[in-house]
Structure formats: C-alpha cells, structure tokens
Amino acid sequence: RLQVGQRYGGRWVWSYRTKSLPRQGLARAVRPLHSAAPEMSTTEQPLNVRVLERATASVELLLEEIRGVLAACDQPLISFATGATYTRMLQALAVEMREGRVDPQAFHATHLDEYLHFPSDRQGGMVHELVSACPPLQQMIEQGAFLPVPHDGSADALADHEQALAGLGGVRLQLLGIGRNGHLAFN
C-alpha cells in the first residue's frame, strides 16, 4: 500500500493503492503488504482514501503498516521518506524500536533519495534527517541493515545500491509524500 498525504481544504488526505509489481529487476518495486508470494500479478486494486484532520493522525496508521509488513515478511526492505509529514511517525518508530515493539533486526531499510555531496552525517541531508528523528536508524546503518542512497551520484555507486536493494528482494513497503508544491516523492 502506498501512503500519500497532502493537506487539502484544512484536512490531511491519506490514500493508498495496492498494486502488485513483478519482482525481477525492480529495485524500486513496491509490492503489496501482507503477502509473501514470490511471484506477483500486475493487477491493481481499488484506491482507498482516508481523510484525517492532521498529519499526526497518520502516525498510528503508518506504524500499523510497518508492523504488518514485519509480521508478514521475513527481513523486508522498508524505504522511508523524509519531510515534516513523517517526523512524528519517525519519532514514534524510534520509541517502538527502543521499547522492543519493532525489532530493528527484523528488517532492512533505505530511503528515497539524497542530495548530491551530502554524506550521512551532514546536516540537511536525508539520512541526517531520518537519523535525527529516529536515532535507532543510525545503529542500523552501523550494522549494515540501513542502506543509504549514495550521495556522490556516480553511476557505479547508484548501480551498486540498486543491486543491493534487489538482493534484499526489493522494497516491500515504500513510504511516500506529497510536497507543498505538489511534487510527489519517488515519481
């Protein structure tokens, strides 16, 4: 399920669509939750929309999605988005991880993108933002369970990253966001 949030008419609109994509060669493939089937169809399910009063109301919904994919899959790859919409969810995920309700050893993680020449520890970079909101992700980086998007932009580094993601079975859960100017992350 793809989670997308945007403020509309004073409310946050969250929608998700389930779509199965073939597994082979798609490091960025987003597969449906709660399905361990190795081969997927390409059928699209109806769009489901939830309208919430505020982005913070999405925190528990997103944590439920993460818990669901962890329950359904062995070592799934979860790809995080950054931005104000996700800050509270990442903070809540940190609590879940510290208190043992979400096991950081039960999944691998990555993120959507990175600014060129912004290493993981550089303020303003995507990894820095993720780790600042959810410090347990730093331990995952150190243990090799969090795969940062290469910041140098080289074709070889990006190909290696994509190959590493594919080697983990591709992205099982991708968190997305809509920017204030209407851009959709991970177009």
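Note: hydrogens, waters and symmetry copies are ignored here, and every other heavy atom, side chains too, is used.
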Engineer: Before giving the answer on side chain to side chain contact (heavy atoms under 4.5 Å, CB included), spell out for Leu165 and Thr110 the whole-Å C-alpha distance, their side-chain angles and the decisive distance to 0.1 Å.
Structural biologist: CA-CA 8 Å; Leu165 299 182; Thr110 191; 4.0 Å; yes
Engineer: Indicate yes or no for a side-chain donor-acceptor contact from Glu96 to the backbone of Leu63 under 3.5 Å, with no hydrogens or angles considered.
Structural biologist: no
Engineer: Could you please spell out the steps behind the salt bridge (Lys or Arg N to Asp or Glu O under 4.0 Å) verdict for Arg88 and Glu60?
Structural biologist: CA-CA 10 Å; Arg88 293 234 176 131; Glu60 189 54 37; over 6 Å; no
Engineer: Between Gln138 and Glu142, is there a side-chain donor-acceptor contact under 3.5 Å, judged purely by atom types and distance?
Structural biologist: yes
Engineer: Can you hop from Val149 to Leu137 via hydrophobic side chains spaced under 4.5 Å?
Structural biologist: no
Engineer: Quick one: closest heavy-atom pair of Pro136 and Met97, and the distance?
Structural biologist: CB-CE, 3.7 Å
Engineer: In Å, rounded to the nearest 0.5 Å, how long is the span from CE of Met140 to CD of Gln105?
Structural biologist: 9.0 Å
Engineer: Can you tell me how far apart CG (Leu175) and CD1 (Ile78) are? Round to the nearest 0.5 Å.
Structural biologist: 7.5 Å
Engineer: In the hydrophobic clustering (ILVMFWY, side-chain contacts below 4.5 Å, transitive), which residues join Met126, or is it alone?
Structural biologist: Tyr115, Phe118
Engineer: How long is the straight-line distance from OG of Ser58 back to OH of Tyr86, given to the nearest 0.5 Å?
Structural biologist: 7.5 Å
Engineer: Contact between Val131 and Ser120 at the side-chain level, heavy atoms closer than 4.5 Å - yes or no?
Structural biologist: no
Engineer: In Å and rounded to the nearest 0.5 Å, what is the CZ to SG distance from Arg98 to Cys134?
Structural biologist: 7.5 Å
Engineer: Could you check if a side-chain atom of His151 sits within less than 4.5 angstrom of a side-chain atom of Leu116, using non-hydrogen atoms only?
Structural biologist: no
Engineer: Treating Arg122 as the side-chain partner and His117 as the backbone partner, does any N or O pair qualify as donor plus acceptor under 3.5 Å?
Structural biologist: yes
Engineer: Given side chains that start at C-beta, do those of Val59 and Gln91 come closer than 4.5 Å, heavy atoms only?
Structural biologist: no
Engineer: Please report the closest heavy-atom contact between Val69 and Arg172, naming both atoms and the distance.
Structural biologist: CG2-CG, 3.0 Å
Engineer: Quick one: closest heavy-atom pair of His111 and Val127, and the distance?
Structural biologist: NE2-CG2, 3.2 Å
Engineer: Measure the shortest side-chain to side-chain distance between Phe107 and Val102 over non-hydrogen atoms and say whether it is less than 4.5 angstrom.
Structural biologist: yes
Engineer: Please name the residue in the list Leu93, Ile141, Thr82 that meets the side-chain contact (heavy atoms from CB on, under 4.5 Å) test with Leu130.
Structural biologist: Thr82
Engineer: Testing the basics here: between Leu112 and Gln174, what is the closest heavy-atom pair and its distance to 0.1 Å?
Structural biologist: CD2-NE2, 2.9 Å
Engineer: Side chains of Gln75 and Leu168, heavy atoms from C-beta outward: is any pair under 4.5 Å?
Structural biologist: no
Engineer: So which heavy atom on Ala94 is nearest to which on Ala133, and how close?
Structural biologist: CB-O, 4.1 Å
Engineer: How long is the straight-line distance from CD1 of Ile66 back to CE of Met89, given to the nearest 0.5 Å?
Structural biologist: 4.5 Å
Engineer: Is any side-chain heavy atom of Asp160 closer than 4.5 Å to one of Leu158?
Structural biologist: no
